[in-house]
Structures are given as structure tokens and as C-alpha cells.
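First the proteins, then the strands, lettered A, B, ... as listed; each starts at 1. As the structure is a prediction and not an experimental result, all values here were calculated from the model.
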2 protein chains.
Amino acid sequence: MQEHKLGTHDCIQLVPIFNQLTTVELQQVSAIVHEHVYEKGTTLFNAGDEANQLTIIAAGQAKVYQLATNGREQLLYLLQSGDFDGEAALFNPVTRTSYAEALVPTQVCSIQRSDFQALLAEAPQLALGILNEFGKRISQLEGKATSVTTSSIGGRLADYLVETAASFPAQTMFTLPLQKKEIAVYLGTTPETISRKLNEFQIAGWLKKGHGNQIAVLDADQLALQD
Amino acid sequence: MQEHKLGTHDCIQLVPIFNQLTTVELQQVSAIVHEHVYEKGTTLFNAGDEANQLTIIAAGQAKVYQLATNGREQLLYLLQSGDFDGEAALFNPVTRTSYAEALVPTQVCSIQRSDFQALLAEAPQLALGILNEFGKRISQLEGKATSVTTSSIGGRLADYLVETAASFPAQTMFTLPLQKKEIAVYLGTTPETISRKLNEFQIAGWLKKGHGNQIAVLDADQLALQD
DNA sequence: TTACATACTTGATTCGGATCAAGTTTACTT
DNA sequence: AAGTAAACTTGATCCGAATCAAGTATGTAA
């Protein structure tokens, strides 16, 4: 069973920032991409490492944690296929402040800074795609920063659920990709509160809890209206 | 008195993303930059506008507000000389979700999307500089998103004060650039709480309140240690 | 200088959500 | 299938900060 393994060319096509490239440019990119498969539970990179490369998830899933000053870890991103991290490394050597761990067997494409900079001079179109992707990410983060100071916990959880459920058929049961403890940390709250809010939502008829970490969103519209 | 007015060339040199350009490239950029001066209290752009340009503050100061779903306004940025906004517009036509107002007479440089894209193809070095700046902004926003879910109000206020005080000589009185009401909204709290926390900080000996909106930070190190 | 509006402060009360402390379920190991 | 550890739930209590309600400064216009 290795359906999730892909050739280099396919790998690159999965990444949004490379979507707009011509065939020729795609080949140029292929030439400088390195591939690696990480087993479940292994570390993609560590805090304190010097970062010299862009890391792209071709297939699989990884969690990125930031270490807070008090030693606590804050989940920063849940990287899915096509997501990337470490873009700052493409311009300057930086020390990573976060670390990442593979949740499942995960195939990663990486690009070295020096290779990337050389390529950029030849394929300006590439820069546009990346800039575009960065712009999106900034909007997203601005939204998060706003919503965190603006909405209540209930609202943030509701948003998270609607967003997560979006990748599954409507009204069907699915397994939450994160444990409640992790969702809690991600939203800046506690597992207890997550538990209680999910109950409230179920009583309101907006969702249905199943076995283990399964839920079905019944009324995404009402959920989204929370706060 | 027009010391704050600058020629186009000077204007561009103020902007970090253009810092690394060669003289030739700077001239190319100069050619496509439009300048405009907004009087105090006038609107730079409005929510709902279609954005087709990058807006750079050459001299002056502007507030950028985001409208929340409940109709409340959330202060997003306080733009100073050299800051820019609307970078998403450089890649796709977008509708603005925020609006900006000049706090003082403010000189603005703007670049149209079409001009920018044409330029980018000729000056790849420019893309690198912008990408770099974007990377920094993303780190900054990641930090803010983390600190908001992690620290208490006191900690966030302390950070804000230390940051704001940094542009004044140490331990001297200065006037806060925002009203307390606005600081409150910015930090996601209320004027009452700001008032109380400032008292606590004064009693602890970390700052001194003066007349009106003046304060002096006495012990930035202790403040920064808050939470 | 007085009058008025706006910003700010202070106190009393309320409330959301964190924390603490058991239980209970789920999932993994053998 | 039984045993164990981890994750989850539920209840009781506590605390930080929001809200409500006066007040007091500050600044502005006549």
C-alpha cells in the first residue's frame, strides 16, 4: 500500500504556489526539489535548528508547534498536503522557533535557499505565485488575530468546526483531526471547556457527537452565527 | 512648515521593501509610483472599495480599522512612515474589508497592480525584497496570534507600552498616540481595564502617569516580564 | 472664564471560562 | 478478552476581566 507516494513531478503540482507555472518552469523547479518521507511520529524539524530550506508537505500531515516563553507548546499549524512552512528561510538564514512532527507517514519536498534564489531570477512568474500565496496567508492571520480578540470561545470553536467539516460531505460523521486537548490549545482554551461547548452545540441541535473523536455538523449556518 | 513633504525618490527610500534595490531599479520604481497627500481626518480608502493598489505611508500616520461582523470596529494597524497596506491588491483585485483614516497630514505613495506586475518581471530582485518583508510580517502576525491566546491582558498591555515607548528616549514622558478607548479595542479589552492596569503598573513603579495621555516608562524590563 | 462634551477613573456586581478534583470512557497492549 | 494508561466528561469552585453605574478630569468653544 503506497498509494500516497508520488513522483517528484506530481509532488510539485500539488503545491498551490507552483500551480501557475508553465511546463518548462515546472521542470526547472523539479530539478532543485529534494524529497524525503518521514515515518509517523518522527520530527521534520526542531526548534533551534538553522533553517535553510522551504518545507512542503506533498502527502501526509504534520503538526507545527511553537514553544512559548513559559515552556508550554502552542499548536501553530496543522499542515496538510500542499501546505508549506519555513518560507522565511528562503531569504535569510533563520533559526527556527517552532518544531514539526509527522502525524502519519509524510512525504516532504524541500527546496534549499541557494537553489531557490538562483531559480527565482530565471522564473519571475514563480515569485508572483509565492507572493500571492503569502498575501493569502497574511489575510488569514489578520483574520485570526482579529477573531481571537473579538469573539468568545464558543464562536472560535464554532468557526474551527465549520472550517474543519468543510472538507467532508455535509452532515456526515467524521473524525476530528486533532485531539480535544490539542484543539483546546490551538483555540487558547482548555479541554474541559471544549467538552462543555460541544455539549451545548449538540443540545442546540447544531451537531451530533459520535464515537471517539467523531462528530457530524448538522447546521453549519447556525454554528457560523455563534458570536 | 513642510518639512514632512518629500520628493518621490526620498519617499521610496523610506519603504523597507525597496531598500535593497539598486539605483537603476529604484528609478524604475519611481516611474510607477503615484503620490498623494491626505489631510488630517480624511479617508485613505474605505471598506467595500475595490483595491487595485499598494498603499505606502511616506510621511504621516494613519489608522486602519477592520469592521467585525457585529458592526464593531477593530483597530488593525497604526501605520507609520514606511508602513504599507493593501499588498494583496498587487496580485488579484480584492475588495477591502478595512478602512483607513489619516491621523495627521499624511503623504502616501501608491502603486497600481498592472504597473507593479510589469515591473516585477523586469526586476526579480524586487520580488525577493518583497517576499522577505512578507515573511517578516507573517512571523509578526504569528507572534501576535500566539501572544493573544497565551498572555493575559496585563501582559499584552505591557508589550504594547514597551513597544510604543521604544520610539521615545528612555524614562521620559510622552503622549500615547492612541486614546485609551482605542488602545482598549486594539488589545481586545475595555478602557476601564486599561485604566486599572496602568494604575497597577504605576504602583509597581514600572511607569509614571502624567497629564492627559502622557506616561513615562520607568522600567521597561520589568514591564516586558509581565506574564 | 464659564459651560458643555468627551474622555477617563473608580467602585460594585456579574459572568465566562480556568482550575481543581473525581469519575468515566476510549484505545492500546499483551 | 483483560488490564492499563491516556483521553475525555462532569461537577464545584475561583478568578480575571466585562459590564453597569456613578463620579471626576480634560479639553474645547463661546
Side-chain angles (χ1 to χ4, degrees), chain A residues 40-41 63 68 70-75 101 103-104 147-161 173-204 207-215 226-227, chain B residues 40-41 63 68 70 72-75 103-104 147-161 173-204 207-215 226-227:
Chain A
K40 174 179 174 178
K63 286 188 287 194
N70 54 11
R72 295 236 148 174
E73 46 185 32
Q74 157 83 34
L75 183 66
E101 183 192 310
L103 285 183
V104 296
S147 88
V148 164
T149 52
T150 290
S151 330
S152 65
I153 293 288
R156 276 184 272 159
L157 175 59
D159 287 346
Y160 172 79
L161 291 174
M173 275 293 179
F174 65 93
T175 302
L176 290 168
L178 293 175
Q179 294 180 187
K180 302 236 170 66
K181 192 169 60 171
E182 294 178 302
I183 298 176
V185 175
Y186 181 63
L187 297 176
T189 179
T190 61
E192 292 95 325
T193 298
I194 299 283
S195 214
R196 293 184 232 269
K197 293 294 174 190
L198 283 180
N199 266 346
E200 287 177 27
F201 291 168
Q202 177 163 244
I203 290 168
L207 58 79
K208 197 162 158 41
K209 293 195 293 181
H211 235 242
N213 257 353
Q214 303 209 97
I215 67 157
Q226 266 305 90
D227 292 346
Chain B
K40 173 180 175 176
K63 285 189 289 196
N70 55 11
R72 293 236 149 175
E73 46 185 31
Q74 157 81 37
L75 183 65
L103 285 182
V104 296
S147 88
V148 164
T149 54
T150 289
S151 331
S152 67
I153 293 290
R156 276 184 273 159
L157 175 59
D159 287 346
Y160 171 79
L161 291 174
M173 276 294 180
F174 64 94
T175 303
L176 289 168
L178 294 175
Q179 294 180 186
K180 301 235 169 72
K181 192 168 58 171
E182 294 178 302
I183 297 176
V185 175
Y186 181 64
L187 298 176
T189 181
T190 60
E192 291 96 326
T193 298
I194 298 283
S195 216
R196 291 184 233 270
K197 292 295 173 190
L198 283 179
N199 265 347
E200 286 177 28
F201 292 167
Q202 177 162 246
I203 289 168
L207 58 77
K208 197 160 159 41
K209 295 195 293 181
H211 236 240
N213 257 353
Q214 302 210 97
I215 69 157
Q226 267 306 91
D227 295 342

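In this structure, the side chains of A:L178 and A:Y160 come closer than 4.5 Å at one or more pairs of heavy atoms. In this structure, the side chains of A:I194 and A:T189 come closer than 4.5 Å at one or more pairs of heavy atoms. Between A:Q214 and A:K209, every side-chain heavy-atom pair lies at or beyond the 4.5 Å cut-off. In this structure, A:L157 and A:F201 have side chains that are in contact, with non-hydrogen atoms separated by less than 4.5 Å.
OP1 or OP2 of D:dA17 sits under 4.0 Å from a side-chain N or O of B:K197. Taking 4.0 angstrom as the limit, B:N199 places none of its side-chain polar atoms (N or O) nearer than this to OP1 or OP2 of C:dT9. Note on B:S195: every side-chain N or O is 4.0 Å or more away from OP1 and OP2 of C:dC8.
One atom, NZ of B:K209, and another, P of C:dT9, lie 5 Å apart when rounded to the nearest Å. Rounded to an integer number of Å, the gap from CD of A:Q179 to P of D:dA5 is 18 Å. Here the C1' atom of nucleotide D:dA25 and the CG atom of B:N213 are 12 Å apart, to the nearest Å. Distance, A:H211 NE2 to D:dC8 C1': 13 Å, rounded to whole Å. As rounded to whole Å, 10 Å separates atom P of C:dA27 from atom NZ of A:K180. Rounded to whole Å, the distance from CD on B:E192 to P on C:dC15 is 17 Å. Following rounding to the nearest Å, A:Q202 (CD) and D:dT10 (C1') show an atom-to-atom distance of 15 Å. With rounding to whole Å, A:I203 atom CD1 is found 13 Å from D:dT9 atom C1'.
Put simply, CG on A:N213 and CD on A:Q179 are 7.0 Å apart, with the number rounded to the nearest 0.5 Å.
A donor N or O paired with an acceptor N or O is found under 3.5 Å between the base of C:dG11 and the side-chain atoms of B:R196.
Of the two residues contacting DNA chain C, namely A:G212 and A:I153, the nearest-nucleotide position lying further toward the 5' end is that of A:I153.
Side-chain proximity of A:T193 to the nucleotides C:dC8, D:dA17, C:dG17 is greatest for C:dG17. Residue A:T190 has its side chain nearest to C:dT19 when only D:dC8, C:dG11, C:dT19 are considered.
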